[in-house]
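See below for the structure under consideration.
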Amino acid sequence: VIRHSAMYVLLLGFAFGAEYSLLRLGRDLQAAPVVRGEWRLRAGEADRPCFSTTTMSIAQSGADVEIMLAGAPKLTGTIAGTQLHATASGRGDVAAGCAPVAVLSELSDRSMRGSLQLLRGAPIPFTATRTTADGQ
Amino acid sequence: MNEVALLLAQIVIVIVSGRLMAALFRTFGQPPVIGQIAAGICLGPTVFGRLAPDAFAATFAPHSMPTLLALSQLGLIFFMFLVGLEFTPEVMRDRRESVVVISHAGIIVPFVLGTALALYLYPRVSDRSVTFTSFALFVGISMSITAFPVLARILAERGLTQTRLGNIVIACAAVDDVTAWCILAVVVVIARATAVAPLIVNLALLIVYAVLMITVVRRLLRRLSAYATEHASSETILAAVVILVFASATVTEMLGIHALFGAFVAGAILPRNDKVIEALGAHIRGLTCVVFLPLFFAVTGLRTNIALVNTAELWLICGLILLVAIAGKIGGAMCSAVAVGMSWRDAAVIGVLMNTRGLMEIVVLNVGLEIGVISRGLFTMIVLMAIVTTAMTTPLIDRLMRRERESIVTSLEEVPV
């Protein structure tokens, strides 16, 4: 019994010591910012004839994102630091040439600023603000 | 199709596919739970959603999900009640000290390794809505789970339940189950807490709840059971048990723990050796295993999307999770078993059996996804780990226990007819 008790105390000591150290070690780690949810897009007036979508929906799993824009193929990508980069994962309905095939964006608290690359033509600069709460 | 018809069709599809896959996996010597989990994944976005997206969208329409989810939760509550009911402290009557040391080493080692792994995982597969502490503790507990029901079934199918080694493994798994659920309850409270003060209050309430259930409610139930066995009908007793399960689940949910913990405690404190309660357990088990659990597997499959593990780095992470889970569980249980004086072969058997994750891991993962501690990508990776660790148990155990089974057969042959 004494031998088992000593082993058990050692085991618990190891567990608490190791957990405390590991949790302290990880407390300054940064995960990807939360971008999942609905976003309202604002593009320049001059780009309206080609690009009319005003909402963007983002699904997120860790640093990986899926961006859904109305009438465009799904864009998939990742967040690295405060940069979000996504590209079209399938051909989809991009025949019109106006469908976005890539998004490059700089993230801040509840907004993002970036550009949409269309199949043809110059990239369209945009700003977007989140319309749903974090994590919804 | 109206909503009721859609729900009924979903139930039929889920039960039929689950039974077929379970039968298929049985032919490969695998426990039915592997087939049921595989059936769930096949019905989800990974297979059905990819092969026939329109049919998938019509069969599992988003508006029908809340009902399916509610039914699966109901099934899980009953399942956890049964897990609690199957916990018998008497299994620890032999070598109690060894059992506690082996079992807790089998939790502590993978838990610590899981927390260390979280240092690598957090920046890659989590987001800022989750704190590192909650994430790391959850990864730790998800590495530490042992599936008591699957393990007991593997031993029973091989006729090893009544052997000395079988008894020790059963006892270790039972202690593992109770300890892991207690740790999970604390982790959920920590993950849900928004500040330190409510966290301390909730942890204190958790302790008060557990003490009240184990002392006052348990004693009350013992008296009620003796009275009800003589005076009440079995329907009245069933109603009383169901009320107890749901009341306990409601209390733990309100305390910020999780409804499943309340159901588990309700099962664990019910009086043992009572024929009426054992018969009721059998009734609840039948309905739960045949109807409700397949729905839970389907919901898990709908949440699992292997397409989310789409880069070499994510597959590497998946491999790391598997490595840590196996090394932690087998290594922890095996080394501690040798330390308490068992042979290396027996220690290896204990380690391999304790490595079975099965259904319990899936339950824990769904809790993590519901409270938002893990992302869907990480959920998928740990589901894959649960499948691999469960599937590897049977062939490994057959290899390790060949000699022991032969000796059992020989001793049975020696018994005079």
Side-chain angles (χ1 to χ4, degrees), chain A residues 1-37 58-66 74 76-82 84 86-87 89-90 92 107-110 130 132-136, chain B residues 95-109 111-137 139-140 183 305 307-311 313-314 317 332 335-336 339-341 369 372 374-381:
Chain A
V1 174
I2 292 170
R3 185 181 161 203
H4 283 102
S5 304
M7 280 172 63
Y8 195 69
V9 169
L10 269 177
L11 202 60
L12 283 185
F14 161 73
F16 282 107
E19 280 299 311
Y20 179 74
S21 312
L22 289 168
L23 292 178
R24 268 185 73 92
L25 204 63
R27 68 182 172 179
D28 293 330
L29 286 176
Q30 288 281 336
V34 183
V35 294
R36 75 177 75 93
I58 302 182
Q60 181 178 14
S61 172
D64 296 320
V65 290
E66 278 185 2
K74 190 165 64 183
T76 57
T78 53
I79 302 167
T82 56
L84 183 154
T87 51
S89 50
L107 304 166
S108 59
D109 188 23
R110 291 185 59 81
R130 202 205 306 264
T132 50
D134 276 10
Q136 289 191 334
Chain B
R95 306 189 68 170
R96 184 177 303 186
E97 296 82 11
S98 304
V99 163
V100 172
V101 170
I102 296 169
S103 169
H104 284 183
I107 288 180
I108 287 169
V109 177
F111 194 101
V112 170
L113 287 180
T115 311
L117 179 65
L119 291 169
Y120 177 74
L121 296 183
Y122 184 67
R124 288 162 181 84
V125 294
S126 189
D127 62 54
R128 285 180 201 166
S129 63
V130 186
T131 63
F132 174 75
T133 304
S134 308
F135 179 81
L137 292 176
V139 172
I183 297 173
N305 188 357
L308 289 174
V309 191
N310 53 7
T311 62
E313 191 191 12
L314 290 176
I317 289 174
C335 292
S336 57
V340 297
L369 196 65
I374 52 170
S375 61
R376 285 197 51 192
L378 184 59
F379 175 85
T380 300
M381 289 183 237

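Just so you know, these numbers use all the heavy atoms, side chains as well, and skip hydrogens, waters and symmetry mates. Naming convention: chains lettered A, B, ... in sequence-line order (proteins, then strands); numbering from 1 in each chain.
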Problem - Check against side-chain contact (heavy atoms from CB on, under 4.5 Å), A/Leu23 and B/Leu137 - result: CA-CA 9 Å; A/Leu23 292 178; B/Leu137 292 176; 4.2 Å; yes

Practice task
Run the numbers on B/Ser129 and A/Arg36 for side-chain contact (heavy atoms from CB on, under 4.5 Å), then give the verdict.
Solution key: CA-CA 11 Å; B/Ser129 63; A/Arg36 75 177 75 93; 4.0 Å; yes

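Contact tally against chain A (heavy-atom pairs below 4.5 Å) for B/Val125, B/Leu314, B/Ile108: the top residue is B/Ile108. Put simply, of A/Ala63, A/Ser21, A/Pro33, A/Ala59, the one with the most heavy-atom pairs under 4.5 Å next to chain B is A/Pro33. Counting heavy-atom pairs closer than 4.5 Å to chain A, the top-ranked of the candidates B/Ala105, B/Ala339, B/Gly377, B/Ala136 is B/Ala339. Each of B/Ser336, B/Ser98, B/Gly372, B/Ala118 has some count of heavy-atom pairs under 4.5 Å with chain A, and the biggest count is that of B/Ser98.
Interatomic distance, A/Arg27 CZ to B/Thr133 OG1, rounded to the nearest 0.5 Å: 9.5 Å. The line from CG of A/Leu11 to CD1 of B/Ile107 is 10.0 Å long, rounded to the nearest 0.5 Å. Residue B/Asn305 holds its CG atom at 9.5 Å from OG of A/Ser61, rounded to the nearest 0.5 Å.
The environment of A/Phe16 atom CZ is sparse: at most 12 non-hydrogen atoms of other residues, nucleotides or ligands sit within 6.0 angstrom.
Pairing each heavy atom of B/Val112 with each of A/Ala18, the nearest pair is CG1-CB, 3.6 Å. The two residues A/Leu29 and B/Tyr122 come nearest to each other via the heavy atoms O-CE2, 3.6 Å. Summarising the geometry of A/Tyr8 relative to B/His104, their closest heavy-atom pair is OH-ND1, 2.5 Å, with the distance given to 0.1 Å. The two atoms that bring B/Leu308 and A/Asp64 nearest to each other are O-OD2, 4.5 Å, heavy atoms only.
Counted by atom type alone, A/Glu19 and B/Thr115 present one or more donor-acceptor pairs between their side chains at under 3.5 Å.
Both the backbone and the side chain of B/Phe111 come within contact range of chain A, with heavy atoms under 4.5 Å apart.
Test B/Val100, B/Val99, B/Val101 against A/His4 for side chain to side chain contact (heavy atoms under 4.5 Å, CB included) and you get one pass: B/Val101.
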